[in-house]
Amino acid sequence: MDTLTALNSEALEGLRRLTALDTVRARIALAVDLGLLKPGERLPPTADVARALDVGEITVRRALTALCEEGVLVRRRGRSGGTMVADEPAIGKVAETAAYRTAAAEVHRLIDQRLLLECGLTHLAATAVTAERLAELKALVTEMDQAAGWADFHTCDERFHLALAAASGVESATAHYGPVLRRLYRYYLPYPLDYLRESNKEHAALVTALERGDAVEAVRVARAHVEVLHRTMFVGLLR
């Protein structure tokens, strides 16, 4: 087994050893550690967090309770209350974040896999996209612009990229692309909504290029959109 394979195996095993509860704790705690979730910031409703992180609502409730006990989050009552990041959150408190911190090689490999697939699918979509698919992609761009928070945005983002794969006209495209996208999403952390809306401008530019049938421009946008993840996902921010 070469070094890269060994690192990837260790990273995957580290995540597999975590319970669903611990993955939610780790992802939210790491977002707080990195300043992606700011002191005093309110978390989305439990159902939205569960959908974005692909876990059950009960798991999210238990994870948020644990993070409150650990000093990362607080619960406040009243009309302006809810679950939010503590004013002075405990940093580095959740040991389970180590499984994410040591997963850099796996995350970079998944980004590269996604890059290759998405660029190829985008090139095909530029010549095969239908009016119906274009309308779907435009509607998702609008929905992401109107998203109330990171959880809503993330759910739409997945739908957008799967719709892009389907727009390629290759029947098995989503079957090949979907698993890579979802494995990468296992490492997704909450991000500031302003940052996510900036990334949505790239979605809009991609749709415009597809509508014009401009394969070169569409692939350029898709490549930039995915390549930047090497720097903007937590593996880049940890540096």
*Provide the closest heavy-atom pair for L196 versus Y191 in the form atom of the first, atom of the second, distance.*
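Of all heavy-atom pairs spanning L196 and Y191, the closest is CD1-O, 3.7 Å.
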- Nearest non-hydrogen partners of A90 and D33, listed with the distance: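 For A90 versus D33, the nearest heavy atoms are O-OD1, 4.2 Å.
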**Request:** Please report the C-alpha distance between L64 and I28 in whole Å, then the side-chain angles of each, then the deciding distance to 0.1 Å, and finally whether the side chain to side chain contact (heavy atoms under 4.5 Å, CB included) criterion is met.
**Result:** CA-CA 9 Å; L64 298 185; I28 292 176; 3.8 Å; yes
Main-chain N/O of [Y] paired with [X] side-chain donor or acceptor, under 3.5 Å:
X    : Y    : answer
T59  : V55  : no
S168 : L164 : no
E41  : K38  : yes
R27  : Y188 : yes
D48  : D152 : no
S172 : A175 : no

Quiz item: Where do T23 and L53 land on the side chain to side chain contact (heavy atoms under 4.5 Å, CB included) test, with the steps shown first?
Solution: CA-CA 9 Å; T23 63; L53 301 186; over 6 Å; no
Notebook entry, point to check: What distance do L30 atom CG and Y100 atom OH have between them, rounded to the nearest 0.5 Å?
Noted result: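 If we round to the nearest 0.5 Å, L30:CG and Y100:OH are 9.0 Å apart.
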### Task
Could you please spell out the steps behind the side chain to side chain contact (heavy atoms under 4.5 Å, CB included) verdict for R109 and Q113?
CA-CA 6 Å; R109 184 178 69 83; Q113 283 187 343; 2.9 Å; yes
Under 4.0 Å between a Lys/Arg side-chain N and an Asp/Glu carboxylate O for [X] and [Y]?
X    : Y    : result
E198 : K201 : yes
E217 : R212 : no
R197 : D194 : no
R223 : E118 : no

Are the side chains of [Y] and [X] in contact, using a 4.5 Å heavy-atom criterion?
X    : Y    : answer
L162 : R182 : yes
L238 : R101 : yes
H108 : V235 : yes
L184 : L229 : yes

In terms of heavy-atom contacts, does CD1 of I58 have more than 12 from other residues, nucleotides or ligands at under 6.0 Å?
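Incorrect, the count does not exceed 12.
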Exercise. Can you tell me if CG on D112 sees more than 12 non-hydrogen neighbours from other groups inside 6.0 Å?
Worked result: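 Yes, the 6.0 Å shell around CG holds more than 12 heavy atoms from other groups.
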Is it the case that the side chains of [Y] and [X] hold a donor-acceptor pair, with the cut-off being a distance below 3.5 Å and no angle test?
X    : Y    : answer
H203 : N200 : yes
H154 : R51  : no
Y195 : T232 : yes
R75  : T83  : yes

_Derivation and outcome, side chain to side chain contact (heavy atoms under 4.5 Å, CB included), residues L124 and V170_ = CA-CA 8 Å; L124 291 169; V170 177; 3.7 Å; yes
With salt bridge (Lys or Arg N to Asp or Glu O under 4.0 Å) as the test, would you mind laying out the steps for E70 and K93 before giving the verdict?
CA-CA 7 Å; E70 291 163 317; K93 177 78 173 180; over 6 Å; no
